[in-house]
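We count ligands from 1, going down the list as the structure has it; atoms in each ligand are counted the same way.
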Amino acid sequence: MPEIQRLRLDHGPALLAFEEENRAFFAASIPDRGNAYFARFDARHAALLAEQAAGSHHFHVVVGDGGEVLGRVNLFDVAADSAELGYRIAEKAGRRGLATNVVGRICVMAADEYGLTALRAATTVDNAGSRAVLARTGFRPVGEILLSGRPGIRYLRHLNDAPDVPAGGAER
Ligand SMILES: CC(C)(COP(=O)(O)OP(=O)(O)OC[C@H]1O[C@@H](n2cnc3c(N)ncnc32)[C@H](O)[C@@H]1OP(=O)(O)O)[C@@H](O)C(=O)NCCC(=O)NCCS
C-alpha cells in the first residue's frame, strides 16, 4: 500500500518528476500549472513548506514502494477547523482505487492528527473520476461553482460523521 507522507524538502526531486511526467494527463482535467511552475519549482516548493510550517496547509505525497511519488493529497487554507481538499494521482497508478483510498485516509488524518472538523472540495461536473472519489469517501454536494469557467460542484464532508459509503481501496 502506498504511504502518505507529510511533504518535506527532500521530496522535491521526486515531486517534480511526478508533476512533469503527468503534466499532460492532469491538464486534461484541471488547469495546467504553467511553465513558471516547472521553471521555479524549487523556490515554490520551499515557499509552500514555509506556509505549511506556519500552519496554513498540510501537504502530502503518496509514495510507492520504490520511493516514487504516485500522487498528492493536500489540505489547503486551514481555517476555523476546516480545510480545502486537493488530490491528483499519476496516470500509471490510476483507476485502481488509489485516490479513493488516500482521500479516505486523509479524512482520518485530518480529524485525528490535524484536529479538523470538516473538509471542503470542488470538482468540475465533467471530472467523473473525481466525482466518484468524493462520493465514495463521504463528501456531499453542497452547491454549484465555476472552476476556471467550467461548471463545477462544491462538496463538504463533516469529519465527525461516518461516511455512508465505505472508502474503497487499492485491494479491490
Ligand atoms: C481523478 C483522479 C484523482 C482519480 O484517481 P484514481 O486513483 O484513478 O481514482 P480511483 O481509482 O479511486 O477511482 C474512483 C472511480 O472513478 C473512476 N475513474 C477514475 N478516473 C476516471 C476517469 N478519467 N473517467 C471516468 N471514471 C474514472 C474509477 O474507475 C473508479 O470507478 P470504478 O471503481 O467504478 O472503476 C485522477 O484521475 C487524477 O488525478 N486526475 C487528474 C487530477 C484531478 O482531476 N484531480 C482532482 C481535482 S478535483
How does [X] reach ligand 1, if at all, at less than 4.0 Å between non-hydrogen atoms: by side chain, backbone, both, or neither?
X	answer
S130	both
T100	both
F25	side chain
T124	neither

What do you reckon, does A122 put a non-hydrogen atom under 4.0 Å from ligand 1?
yes
Judged by non-hydrogen atoms, does R131 sit under 4.0 Å from ligand 1?
no
Checking side chain to side chain contact (heavy atoms under 4.5 Å, CB included) for the pair H45/R8: CA distance, chi angles, key distance, verdict?
CA-CA 9 Å; H45 185 53; R8 306 183 306 256; over 6 Å; no
Closest to atom 25 (C) of ligand 1 (heavy atoms only, candidates R136, R95, E91) is R95
For atom 9 (O) of ligand 1, which of the options A90, A93, A99 provides the nearest non-hydrogen atom?
A99
Classify the side-chain pair R157/T137 by whether it contains a donor and acceptor separated by less than 3.5 Å.
no
Residues Y155 and T123: side-chain donor-acceptor under 3.5 angstrom
no
Show which atoms of ligand 1 fall inside a sub-4.0 Å distance from at least one heavy-atom site of [X].
X	value
S29	44 (O)
G97	10 (P), 11 (O), 12 (O)
A128	25 (C)
R88	39 (O)
G94	8 (O)
I30	42 (C), 43 (C), 44 (O), 47 (C)
A132	15 (C), 16 (O)
R96	11 (O)

Got a salt bridge between E144 and R154, using NZ or NE/NH1/NH2 to carboxylate O under 4.0 Å?
no
Looking at E68 and K92, is any side-chain nitrogen of the basic one under 4.0 Å from a carboxylate oxygen of the acidic one?
yes
If you round to the nearest 0.5 Å, how far is CG of N127 from CZ of R131?
9.0 Å
Rounded to the nearest 0.5 Å, how far apart are CZ of F25 and CD of E91?
5.0 Å
Is the ring pair H60/Y114 parallel, tilted or perpendicular, if the boundaries are 30 and 60 degrees?
tilted
Please identify which of these residues, I106, V69, V73, N101, meets the side chain to side chain contact (heavy atoms under 4.5 Å, CB included) condition with V62.
V73
Kindly indicate, with the supporting measurements, whether the criterion side chain to side chain contact (heavy atoms under 4.5 Å, CB included) is fulfilled by L75 and H57.
CA-CA 6 Å; L75 303 174; H57 319 286; over 6 Å; no
Heteroatom proximity flag, N127 to ligand 1, N/O under 3.5 Å
yes
Could you tell me if the ring centre of H11 sits under 6.0 Å from that of F41?
no
